[in-house]
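These numbers come from the heavy atoms of this one structure, side chains and all, not from hydrogens, waters or symmetry mates. Because the structure is predicted, anything quoted here is derived from the model rather than measured.
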Amino acid sequence: MAKQKASPPGAVRRRLGGAGASAVGWALRVATSIVAWTLLLHLFTFLGIPRPPLPIARPSCLGGRSNSTAAEAVVAASEAAGRAPPALPPRRLYKSNGYLLVSCNGGLNQMRAAICDMVTVARYLNLTMVIPELDKQSFWADPSDFGDIFDVNHFIDSLRDEVKIVKELPQKFSEKVPLSMQPISWSSEKYYLRQILPLVRKHKVVRFSKTDSRLANNGLPLKLQKLRCYVNYNALRFTPSIEALGNKMVSILRRTGSFIVLHLRYEMDMLAFSGCTHGCSDEETEELTRMRYAYPWWKEKEIDSEKKRLEGLCPLTPGETTLVLKALGFPRDTRIYIASGEIYGGEKRLAVLKTEFPNIVRKEMLLSDDELRPFQKHSTQMAALDYLVSVASDVFIPSNDGNMAKVVEGHRRFTGFHKTIRLDRKKLVELIDLFEDQELSWEEFSVAVKELHMGRMSQPTRRHVIPGQPKEEDYFYANPHECLGPARKRMERW
């Protein structure tokens, strides 16, 4: 057999001999492949050609939870076998235009959506992003940091081929006072390019003091919309302790079959802020009003509660929700998980609901005191547990269209258009009043409620666009239709 000229790796193997030489040769080939792949990515970017898919196992943004679970199983199997987990995506190399600090405001899901937007802005402007600060000044006064709720390392690593994220500013900027500002709400990417980027280049460090709803619902390039989805459904993973307890609750609920989640946003802060006092006593109404005046950032003080209710702008009361569940046909033994904070009025206000649907549970009934103790006085972490159960439920029914209702609906659409019943509160209160005034029979009321919601079950649909009125549009995170196409292969973002 004719001798072939030895390649350089072969020569190395002969000099070192045996298994060690083979390992060195393997390492050289891997290193060469990584360098070549990185150069290829930069070439595609420079020429403006869409980047090819990465030749590694990675959760698919358009593949739903099953792909992510499969990827995690690969990692776990590799670790169990003593092998290194699959390689991380290659780090995106770019010249950073400066550092972006973000201070999120609001509850868990308001901050969650804002983080997705800010990562997208950082990627678009070629910025280095610092791990976001979470709201500690709101009504809940939750001291939780980002790392108390989300898996920091996963967040950084899963986005390393998009944007550089650091845990803190470099030492050389530690004494520098950043430019602090609030971006204009519902802005397009052009606003950030023309107005924000020059400021970052000048000051090097910019801090966004508010981040909710700072990016438009519609009209953005497809690649930006898909990146928002990738951050939301792949990069933002809860901490292992939160994930474990959430999965445990879902497992317990599944033992008895299907279950629904009722998000009762009938909490003190919601009622005080909205001015919705239907069904409250005079003493309760006075208490809620005092609370509203005590918080200066709640700008609307004088509120006509009944007018707001008739406009559909109030959460349904537990009693009203009970009527709706019965009218929709849910049987008495339906397993209902209540996702909420402390219900205003306590057990007394839930009495009618529990009488009609006695199979009601909350997290405090599914977990031991020892399991819940670390989460006490951390409302955002408690909300994360509710979030996990809500996404996994067979049916999700929010009594109000707040941030949790919207973001959970979008997540359930993303994982397979699982049923979310979006209650039409404006028409429902009309029907409820007619029924309670005996102008409708129960049969008429039930038929009307069913017909009203036939098209409000999270069926596939495009977002509603209202030019010039972004607040009135359908919310991107409730229906990210750009990420839900029928040919759902791996998400290509750039």
Side-chain angles (χ1 to χ4, degrees), residues 26-79 83-97 100 115-132 146-147 150-167 221-240 243 414 480 482-483 488-494:
W26 176 84
L28 285 172
R29 289 196 297 274
V30 170
T32 302
S33 298
I34 291 174
V35 171
W37 183 255
T38 302
L39 292 174
L40 181 62
L41 288 178
H42 287 299
L43 178 61
F44 273 86
T45 301
F46 178 76
L47 295 176
I49 302 173
R51 285 164 47 175
L54 298 175
I56 59 173
R58 180 177 180 180
S60 165
C61 189
L62 293 183
R65 177 177 295 183
S66 59
N67 287 346
S68 177
T69 303
E72 292 166 5
V74 170
V75 173
S78 298
E79 292 174 347
R83 301 191 303 272
L88 295 172
R91 192 184 304 278
R92 177 172 172 256
L93 303 177
Y94 63 97
K95 182 179 179 181
S96 175
N97 288 314
L100 177 62
I115 291 167
C116 299
D117 286 353
M118 293 302 102
V119 170
T120 303
V121 169
R123 173 59 173 87
Y124 183 67
L125 300 183
N126 284 337
L127 306 180
T128 299
M129 185 176 183
V130 180
I131 288 293
F146 184 94
F150 299 108
D151 187 328
V152 175
N153 291 332
H154 174 75
F155 181 68
I156 293 173
D157 291 342
S158 63
L159 290 164
R160 58 185 269 133
D161 63 337
E162 296 291 359
V163 61
K164 183 177 181 180
I165 302 174
V166 297
K167 295 181 179 179
L222 180 61
K223 58 188 179 183
L224 294 184
Q225 299 289 54
K226 289 192 172 184
L227 179 56
R228 295 166 92 177
C229 291
Y230 183 81
V231 180
N232 197 16
Y233 306 125
N234 288 270
L236 282 177
R237 178 190 296 171
F238 293 122
T239 63
E243 291 274 349
F414 179 81
E482 295 91 337
C483 309
R488 303 203 308 173
K489 300 179 180 178
R490 181 187 182 276
M491 177 186 296
E492 293 300 331
R493 301 186 299 284
W494 298 92

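- Taking CZ from Arg228 and CE from Met118, the interatomic distance works out to 9.0 Å, rounded to the nearest 0.5 Å.
- Interatomic distance, CG of Leu227 versus CG of Asp117, reported as 10.0 Å (0.5 Å rounding).
- Here CZ of Arg123 is found 8.5 Å from CG of Asp161. Values are rounded to the nearest 0.5 Å.
- The two residues Val152 and Lys167 have their closest heavy-atom pair at CG1-CE, 3.9 Å.
- The closest donor-acceptor contact from the side chain of His154 to the backbone of Thr239 lies at 3.5 Å or more, if one exists at all.
- Rounded to the nearest 0.5 Å, atoms CD1 (Ile156) and CG (Leu88) are 11.5 Å apart.
- Closest non-hydrogen pair, Ser96 versus Thr128, comes out as OG-OG1, 2.9 Å.
- Remark: side-chain polar atoms of Asn97 are paired, donor with acceptor, to backbone N or O of Leu125 under 3.5 angstrom.
- Counting only N and O atoms by type, the side chains of Arg237 and Asn153 include no donor and acceptor under 3.5 Å apart.
- No donor-acceptor pair closer than 3.5 Å links the side chain of Tyr94 to the backbone N or O of Glu162.
- Within the 3.5 Å criterion, the main-chain N or O of Val163 finds no donor-acceptor partner in the side chain of Arg92.
- Considering every non-hydrogen atom in both Pro480 and Tyr233, the closest pair reads CG-OH, 3.5 Å.
- Here the closest heavy-atom approach between residue Lys226 and residue Glu482 is recorded as CE-O, 3.6 Å.
- Between Pro132 and Ile115, the closest side-chain pair of non-hydrogen atoms falls below 4.5 Å.
- If you take CZ on Phe155 and CD1 on Ile165, they are separated by 4.0 Å, rounding to the nearest 0.5 Å.
- From Lys164, atom NZ reaches atom CG of Leu93 across 10.0 Å, with rounding to the nearest 0.5 Å.
- Under the 2.5 Å SG-SG cutoff, Cys483 and Cys229 qualify as a close cysteine pair.
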